[in-house]
Number of protein chains: 2
Amino acid sequence: MRDATLRDVAELAGVSARTVSNVVNGYAAVTDHTREKVEKAIKELGYRPNVLARNLANGRSGQIAVVVPFLDVPYFSELLQVIIPHARERGYHVLIDQTDGDPTHERELIRRGARAVLFDGMIYSPLGLAQDDLAESDPTFPLVLLGERSSNAFFDHVGIDDVVASREATAHLIGLGRRRIAAIGDQPYPTGEAAQLRTLGYRQAHADAGLPVDESLIIQAQRFTRADGAAAMRALLDRDDPPDAVFGYNDPVALGALHEVLERGLRVPEDIALIGYDDIEEGRYSNPAISTISPDKDAIATTAVDRLLKRIGSTEPLPGIEVRASHRLIARQSTLGRAAGR
Amino acid sequence: MRDATLRDVAELAGVSARTVSNVVNGYAAVTDHTREKVEKAIKELGYRPNVLARNLANGRSGQIAVVVPFLDVPYFSELLQVIIPHARERGYHVLIDQTDGDPTHERELIRRGARAVLFDGMIYSPLGLAQDDLAESDPTFPLVLLGERSSNAFFDHVGIDDVVASREATAHLIGLGRRRIAAIGDQPYPTGEAAQLRTLGYRQAHADAGLPVDESLIIQAQRFTRADGAAAMRALLDRDDPPDAVFGYNDPVALGALHEVLERGLRVPEDIALIGYDDIEEGRYSNPAISTISPDKDAIATTAVDRLLKRIGSTEPLPGIEVRASHRLIARQSTLGRAAGR
DNA sequence: CACACTCTTTGCAGCGCTGCAAGCCGCCGC
DNA sequence: GCGGCGGCTTGCAGCGCTGCAAAGAGTGTG
């Protein structure tokens, strides 16, 4: 059986289709009497508005897209966990896309996004996207960027100050007396701007302490996975002069490295201290629990949604703003040892 | 500037709108000559089809919804990681919703889903939903259930055999000589059918071995988180007669328990052996790495999508089928100790 | 009692696309 | 040379809803 339409309801209630629409949307003032009639008819027919038709008619889709490189990266799923309900409260559904970090796919999205009528705006966490690619995007399309990239004049950008945070993480290790600190996760190529900011912070911390940087301790990682962290650590431990501390550019990398260290029978933090980045739940339950940089995820998620909706709601393009969420360093057993206590 | 429409393209190319539509969709045969003209016009105007209008016109949305209780449960994000690209290859976008395990929200979805024109079908992993609630759903709505629930005549159901898998997990511990095996995750109430299947397997394994079950070792858990696992373990270790092994109903629970055990200075597996369920990546990198039941996630994800699309494509309702994906037990250090090697 | 004004309700047109069925055209066979 | 046929192309109508502007109903005022 065909679903009931607005017109069906109108007919049954003896009013015009437009009035039914008004009742449903609470638009114009409607007499109590009329409203009751209409509501009765709606109930009787089990009418539900056709979202598609509504969207087509008013040119909005009621959906926002959230694009992340990898869904199984805990940081992203934890963020989505906040974004989805927050968007729902504001009347938006969330469409999720995953780029697998594929630059072609990412570029595609950012360029054609503007025309995709499927969603009204996009929250985007680019990975393999160079700054230049952003320039090609339609500046009138509501877009909020997540992560470490600096915004341009057209889009908003929400994230923490990665340079400062990375400097703090490194300084924490230096403060513990470590002198051979490895950095795992550098990406010294155009699409690795995010990683480069962390490397910059790492360097700054060394400079602050008047320490030299051993370039050979800066290790690259492609995808920031546990496997990447473990592989990098393996190489580091095979050297004659292994490090005495590790700064992982995200928690999975640090956790992968941790796994490798323990696997070799070394002690953490006595032999090697480790710190990660992102404060995913997993890191609170690893053994030992890992120290990390904790970004204010709630703030990032809600701010991103709010900014996006503001952009969507605005008729003329808003200038891009840069939102800095707060972060803090959480020291746990992987740097403090048993002293970290519970 | 307004986006170009089909009609704009038609005008520029000097053909009818319908022909442009044919070119775009590759429907009817079109002369090479005409096609070229149209394609040129499309490029010139930067035309992109309006998905909303298309959907409204042909009554399909090209979107499927995937509903999970919690996005930050690694098992679900790993599953989505497979579902999303697989659906995309088949021309579908994935809309993700998260119920937070809220029964009201879940019931709402299942009941009204049929009418939600936003998506053509739904893959659903219910949590707080009793079997009865399913009966209220519209049997003509394409729906595939994930997880442990047994299907009814109207929906498909994809999952592994939880009873068998749980029996194997428990038997593994028994085979190691353990006799006081705790089970963490039971949910002895109507919405906990999934958990109950695991408890059943646990009991069967004991029966198989001629061992009695100590009911006090069956611990409940609400949400299957690391925190739940840790809390349950804490209580178990505070007893005078702590267990010598633990079967966690999913990996996070097992990992939370593991954390607590190590925190107390006990050895794994010497003092307490642990096994989890789901084989999330995290468990391969924990210290020690945890043994687990590994469901064939690829098969589950792709089968679920394929079945759903088949249902969507079929004019008359298909009878519900039960798909059993395979699983295997992966023994790692948390039960085998160092012997598990690398 | 006519008129201005406000509050409700209405009809129309159209969002951009596709299903349908008819129309057109050139070519083949007899 | 004519009817028939198959391959391409077209026009129409309509998916279900909302923006817009105007009509209708009701009220108060001079």
Side-chain angles (χ1 to χ4, degrees), chain A residues 1-39 41-42 45-63 91 112 114-120 315, chain B residues 1-39 41-42 45-63 91 114-120 313 315:
Chain A
M1 193 198 62
R2 212 180 90 265
D3 278 0
T5 74
L6 249 200
R7 224 179 304 275
D8 297 333
V9 176
E11 200 166 323
L12 180 61
V15 298
S16 77
R18 200 61 188 74
T19 297
V20 176
S21 170
N22 286 336
V23 171
V24 172
N25 297 290
Y27 275 177
V30 177
T31 341
D32 285 351
H33 175 68
T34 320
R35 164 169 298 109
E36 275 163 30
K37 274 195 308 187
V38 172
E39 280 170 351
I42 288 179
L45 295 174
Y47 167 76
R48 298 214 61 217
N50 180 318
V51 189
L52 241 39
R54 171 182 300 169
N55 293 343
L56 177 60
N58 68 18
R60 302 174 347 103
S61 76
Q63 296 189 139
R112 323 196 82 184
R115 299 271 178 47
V117 207
L118 219 49
F119 40 87
D120 301 329
T315 42
Chain B
M1 191 199 62
R2 213 180 89 266
D3 279 358
T5 74
L6 248 200
R7 224 179 304 276
D8 296 334
V9 176
E11 200 165 325
L12 180 61
V15 298
S16 78
R18 200 60 188 77
T19 297
V20 177
S21 171
N22 287 336
V23 171
V24 173
N25 297 290
Y27 275 177
V30 176
T31 342
D32 285 351
H33 175 69
T34 321
R35 165 170 296 108
E36 275 164 29
K37 274 195 309 186
V38 173
E39 279 170 353
I42 288 178
L45 295 174
Y47 168 75
R48 298 215 60 216
N50 180 319
V51 190
L52 241 39
R54 172 182 300 169
N55 294 343
L56 176 60
N58 68 17
R60 301 173 347 102
S61 76
Q63 296 189 139
R115 298 271 178 47
V117 206
L118 219 48
F119 40 88
D120 301 329
T315 42

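A, B, ... follow the sequence lines: proteins, then strands. Residue 1 opens every chain.
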Among [options], the one nearest [X] by side-chain distance:
X	options	answer
A:A57	C:dG14, C:dC17, D:dG19	C:dG14
A:L6	C:dC17, D:dT10, D:dT18	D:dT18
A:L56	C:dC17, D:dG11, C:dC15	C:dC15

Euclidean distance, [Y] [atom2] relative to [X] [atom1], rounded to 0.5 Å:
X	Y	atom1	atom2	result
B:N55	B:D120	CG	CG	7.5 Å
A:D32	A:E39	CG	CD	9.5 Å
B:D8	B:L45	CG	CG	6.5 Å
A:R35	A:I42	CZ	CD1	10.0 Å

Quick check: closest heavy atoms across [X] and [Y], and the distance to 0.1 Å?
X	Y	result
B:L56	A:A53	CD1-CB, 3.8 Å
B:Y47	B:V24	CE2-CG2, 4.1 Å
B:R54	B:P49	NH2-CB, 3.2 Å

TODO: Determine, step by step, whether A:N22 and A:V38 satisfy the side chain to side chain contact (heavy atoms under 4.5 Å, CB included) criterion, reporting the C-alpha distance in whole Å, the side-chain angles of both residues, the deciding distance to 0.1 Å, and the verdict.
DONE: CA-CA 10 Å; A:N22 286 336; A:V38 172; over 6 Å; no
Look at the side chain of [X] and the backbone N and O of [Y], then say whether any donor-acceptor pair between them is shorter than 3.5 Å.
X	Y	result
B:T5	B:R7	yes
A:S61	A:Q63	yes
A:S16	A:T19	yes

Does [N] have its OP1 or OP2 closer than 4.0 Å to a side-chain nitrogen or oxygen of [X]?
X	N	result
B:S16	D:dG11	no
B:T34	D:dC8	no
A:T31	C:dC7	no

Mind calculating the distance between [atom1] ([X]) and [atom2] ([N]) to the nearest angstrom?
X	N	atom1	atom2	result
A:R60	C:dG16	CZ	C1'	18 Å
B:N22	D:dG11	CG	C1'	13 Å
A:L52	C:dC15	CG	P	17 Å

Open item on the list: Closest-nucleotide mapping onto DNA chain D: is B:N58 or A:S21 further toward the 5' terminus? I mean the 5' end.
Closed with: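 Mapping each residue to its closest nucleotide by heavy atoms, the 5'-most match is B:N58.
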TODO: Map A:R7 and B:A17 onto DNA chain D by nearest heavy atom, then report which one ends up closer to the 5' terminus.
DONE: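 This one resolves to B:A17.
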Can you pull every protein N or O that's under 3.5 Å from an N or O on nucleotides 20-23 of chain D?
residue, atom, partner, partner atom, Å
D:dC20, N4, A:R18, NE, 3.4

Dump every N/O contact between nucleotides 5-7 of chain D and the protein below 3.5 Å, one line per pair.
none

Open item on the list: Using five base pairs at each end to define the local axes, how bent is the helix from C:dC1-D:dG30 to C:dC30-D:dG1, to the nearest 10°?
Closed with: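 That helix has its two terminal axes inclined by roughly 50°.
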Open item on the list: Taking the nucleotide of DNA chain C with the nearest heavy atom to each, does B:R54 or A:A53 sit closer to the 5' end?
Closed with: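 Comparing both residues, the 5'-ward one is A:A53.
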- [ ] Determine the contact category for B:T19: base if any of its heavy atoms lies under 4.0 Å from a base atom, sugar-phosphate if only primed atoms, P, OP1 or OP2 are that close, otherwise nothing.
- [x]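 Here B:T19 touches the bases of the nucleic acid.
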